[in-house]
Peer 1: 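First the structure, which I've put down as structure tokens, then a few questions once you've had a look.
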Amino acid sequence: MASLFSFRKPAPPAPVLPEVPAPIGTLRIGLGQLLVEGGEPARNLARAVEQIAQAAAQQCELVLLPETLDFAWTHPSALYEAQPIPGLYSDMLCEAAARHQIYVCAGLTERAADGRNFNAAILIDPQGNIIVKYHKINLLDVEQPYYAVGQTLNVVDTPLGKIGVNICADNYLDGLPIGHTLARMGAEFIIAPASWTVDYSITEEHDPYQEKWVKPFSILAQLYNVVVVSVTSVGYIVGGPYEGKKSVGCSLAVDAHGVRAQWAFNEFAGQLVVADLARPHRPERGTDIGLMLQRKGYRFDQLP
């Protein structure tokens with residue numbers, strides 16, 4: 001397997017990676033490619049609740065929904081209409097999770113008590129309790145007027161495995177320290193609501209995601225034996241700095257062996273994708289993880 005993480009130029013021969021430990025179970029996950037309309041939280045939440053029901057009907061144990069599915073990413077209405085968490089919109093998702101007895105991870109806009117907005121993601125258990133709330137850290141320049149930078153990371157133990165949550169650009173190559181940290185905290189699954197957006201002229205004949213998404217997901221998956229999963233909205237962007245661009249689906253799941261699930265790449269592909277993902281066995285803890293990385297050829301003592 002070729003190395004994706006060497007910083008040397010020219011690259012040295014690829015190290016021979018140890019065999020991936022046998023999995024310890026399976027997670028059935030629904031990837032909810034959701035049509036998200038700018039400034040239409042009621043319609044967006046109704047579609048989200050419907051996809052939760054669809055996922056439960058297909059025996060999914062967890063359903064992952066897109067980034068800022070309430071107002072859409074960087075829609076100006078979120079600046080003055082965002083809700084707290086817990087609050088009106090998160091309560092709707094919690095009620096649906098409890099009704100259908102399923103884990104739900106979804107992106108929302110959060111109005112904090114101090115008046116700041118955050119690009120947030122929540123993980124809800126089948127009893128309707130919010131067990132993780134995360135604020136996006138690797139904010140794009142264009143979204144910084146809309147959201148404050150997050151300051152915490154968390155991994156939670158569940159019967160499905162150890163789950164870490166981040167959001168969209170947190171998994172860019174320049175944001176990979178966030179994924180590294182979640183993996184060092186023991187995550188077996190890193191799940192990420194997203195809103196992958198391209199210019200209106202990009203069609204399904206193009207594929208801008210190999211370098212932008214498959215590569216960073218693969219780096220984390222191969223280094224740590226984690227599963228990285230992201231789901232994105234679909235539809236045209238209305239309002240805000242990206243007006244006229246479009247979100248195009250292409251939801252993705254990658255493990256140490258490669259791409260395990262990938263769905264349609266176009267702005268109309270609003271549907272639920274179901275994937276059965278092997279739960280990885282990750283016995284290393286603490287400094288043992290560093291030793292494992294060294295055996296794989298990862299260098300801690302060199303600048304890029």
Peer 1: Kindly write out the residues that satisfy side chain to side chain donor-acceptor pair (under 3.5 Å) with Glu188, not counting sequence neighbours, or none if the list is empty.
Peer 2: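 Partners of Glu188 under the side chain to side chain donor-acceptor pair (under 3.5 Å) test: Arg279.
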Peer 1: Could you walk me through whether Glu110 and Lys133 satisfy the salt bridge (charged side-chain N to carboxylate O under 4.0 Å, His left out) test, starting with their C-alpha distance in whole Å, then the side-chain angles of each, then the deciding distance to 0.1 Å, before giving a yes or no?
Peer 2: CA-CA 10 Å; Glu110 180 182 20; Lys133 182 173 72 174; 2.7 Å; yes
Peer 1: Could you tell me whether a side-chain N or O of Gln101 sits under 3.5 Å from a main-chain N or O of Pro126, the two making a donor and an acceptor?
Peer 2: yes
Peer 1: Once you round to the nearest 0.5 Å, how far does CG of Leu123 lie from OH of Tyr103?
Peer 2: 7.5 Å
Peer 1: Do Pro280 and Asp255 have side chains that get closer than 4.5 Å, going by heavy atoms?
Peer 2: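 No; the side chains remain at least 4.5 Å from each other.
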Peer 1: State which residues pass salt bridge (charged side-chain N to carboxylate O under 4.0 Å, His left out) with Asp91; sequence neighbours excluded, sorted by chain then number.
Peer 2: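 Scan of Asp91 (salt bridge (charged side-chain N to carboxylate O under 4.0 Å, His left out), adjacent residues dropped) gives none.
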Peer 1: Is the backbone N or O of Ile102 less than 3.5 Å from a side-chain atom of His100, with the two atoms forming a donor-acceptor pair by type?
Peer 2: no
Peer 1: When you measure from the side chain of Ser230 to the backbone N and O of Val228, does any donor-acceptor pair fall under 3.5 Å?
Peer 2: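 Judged by distance alone, no pair lies under 3.5 Å.
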Peer 1: Can you measure from NZ (Lys162) to CG (Leu182) and round to the nearest 0.5 angstrom?
Peer 2: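 Taking NZ in Lys162 and CG in Leu182, the distance rounds to 13.0 Å.
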Peer 1: Nearest 0.5 Å, please: how far is CG in Asn129 from CD1 in Ile122?
Peer 2: 11.5 Å
Peer 1: Output all residues satisfying side chain to side chain donor-acceptor pair (under 3.5 Å) with Asn154, sequence neighbours left out; order by chain, then residue number.
Peer 2: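 Residues passing side chain to side chain donor-acceptor pair (under 3.5 Å) with Asn154: none at all.
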Peer 1: To the nearest 0.5 Å, what is the distance between CG (Leu34) and CD (Glu50)?
Peer 2: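 Rounded to the nearest 0.5 Å, the CG-CD separation comes out at 10.5 Å.
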Peer 1: When you compare the side chain of Arg111 with that of Phe118, does any pair of heavy atoms fall below 4.5 Å?
Peer 2: no
Peer 1: Determine, stepwise, if the pair Phe71 / Tyr89 fulfils side-chain contact (heavy atoms from CB on, under 4.5 Å).
Peer 2: CA-CA 11 Å; Phe71 297 97; Tyr89 300 143; 3.8 Å; yes
Peer 1: Nearest heavy-atom pair of Ala275 and Ala261: which atoms, and what distance?
Peer 2: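 So the minimum-distance heavy-atom pair works out to CB-CB, 3.8 Å.
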Peer 1: Picking from Leu27, Leu277, Leu252, what satisfies side chain to side chain contact (heavy atoms under 4.5 Å, CB included) with Val229?
Peer 2: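 Only one option passes, and that is Leu277.
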Peer 1: Go through the steps to decide whether Asn166 and Ile137 satisfy the test side-chain contact (heavy atoms from CB on, under 4.5 Å), and finish with yes or no.
Peer 2: CA-CA 8 Å; Asn166 63 16; Ile137 294 171; over 6 Å; no
Peer 1: With heavy-atom distances below 4.5 Å as the criterion, would you say the side chains of Asp70 and Asn44 are in contact?
Peer 2: no
Peer 1: Checking side-chain contact (heavy atoms from CB on, under 4.5 Å) for the pair Leu293/Arg184: CA distance, chi angles, key distance, verdict?
Peer 2: CA-CA 11 Å; Leu293 296 179; Arg184 294 295 291 255; 4.1 Å; yes
Peer 1: Can you label the angle between the Tyr224 ring and the His180 ring as parallel, tilted or perpendicular, going by 30° and 60°?
Peer 2: perpendicular
Peer 1: State whether the side chain of Ser251 and the backbone N or O of Thr232 hold a donor-acceptor pair below 3.5 Å, judged by distance alone.
Peer 2: yes
Peer 1: Any cation-pi pair here, Lys296 with Tyr298, using under 6.0 Å and within 45°?
Peer 2: no
Peer 1: Is the shortest side-chain heavy-atom distance between Leu108 and Asn119 below 4.5 Å?
Peer 2: no
Peer 1: So, for Gly164 and Val155, which heavy atoms are closest and what is the spacing to 0.1 Å?
Peer 2: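 Looking at all heavy atoms of both residues, the closest pair is CA-CG2, 4.1 Å.
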Peer 1: Counting distance only, does the side-chain N/O of Glu67 pair as donor-acceptor with the main-chain N or O of Ser195 below 3.5 Å?
Peer 2: yes
Peer 1: Do the side chain of Arg116 and the main chain of Ala113 share a donor and acceptor less than 3.5 angstrom apart?
Peer 2: no
Peer 1: Going by heavy atoms in the side chains, are Tyr172 and Leu140 under 4.5 Å from each other?
Peer 2: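 Result yes, sub-4.5 Å side-chain heavy-atom pair found.
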Peer 1: To the nearest 0.5 Å, how far apart are CG in Leu62 and SG in Cys105?
Peer 2: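 Going from CG on Leu62 over to SG on Cys105, the span is 7.0 Å.
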Peer 1: Can you see which heavy atom on Ala121 is nearest to which on Val165, and at what distance?
Peer 2: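 That closest heavy-atom pairing would be CB-CG1, 3.7 Å.
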Peer 1: Is there a donor-acceptor pair under 3.5 Å between the side chain of Arg282 and the backbone N or O of Val226?
Peer 2: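 Between the backbone of Val226 and the side chain of Arg282 there is no qualifying donor-acceptor contact (under 3.5 Å).
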Peer 1: Can Ile237 and Thr197 be said to form a side-chain contact (heavy atoms from CB on, under 4.5 Å), step by step?
Peer 2: CA-CA 9 Å; Ile237 307 296; Thr197 304; 4.1 Å; yes
Peer 1: Report yes if the side chains of Val104 and Leu65 come closer than 4.5 Å at any heavy-atom pair, otherwise no.
Peer 2: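 Answer yes - side chains close enough.
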Peer 1: Could you report the tightest heavy-atom contact between Asp199 and Lys246, atom names first, then the distance?
Peer 2: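 Between these two residues, the closest heavy atoms are O-CE, 3.7 Å.
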Peer 1: Does the side chain of Tyr147 pick up a donor-acceptor pair with the side chain of His135 at under 3.5 Å?
Peer 2: no
Peer 1: Within a strict 4.5 Å, meaning less than it, do heavy atoms of the Ser247 and Trp196 side chains meet?
Peer 2: no
Peer 1: How close do Cys168 and Lys136 get, heavy atom to heavy atom, and via which atoms?
Peer 2: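 So the two residues come closest at CB-NZ, 4.0 Å.
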Peer 1: Are Glu37 and Arg43 within salt-bridge range, i.e. N to O under 4.0 Å?
Peer 2: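 Yes, this pair counts.
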Peer 1: Evaluate side chain to side chain donor-acceptor pair (under 3.5 Å) for Thr109 paired with Thr68, printing each intermediate quantity in order.
Peer 2: CA-CA 5 Å; Thr109 314; Thr68 55; 5.3 Å; no
Peer 1: Is there a donor-acceptor contact under 3.5 Å linking the side chains of Glu143 and Trp73?
Peer 2: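 On atom types as modelled, these side chains qualify, holding a pair under 3.5 Å.
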Peer 1: Within this structure, what is the OG1-CG distance for the pair Thr181 and Leu176, rounded to the nearest 0.5 Å?
Peer 2: 10.5 Å
Peer 1: Should we count CD of Gln151 as having more than 12 external heavy atoms under 6.0 Å?
Peer 2: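 12 or below, so no.
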Peer 1: Can you tell if the side chain of Leu64 reaches within under 4.5 Å of the side chain of Pro193, non-hydrogen atoms only?
Peer 2: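 Side chain of Leu64 against side chain of Pro193, heavy atoms only: contact under 4.5 Å found.
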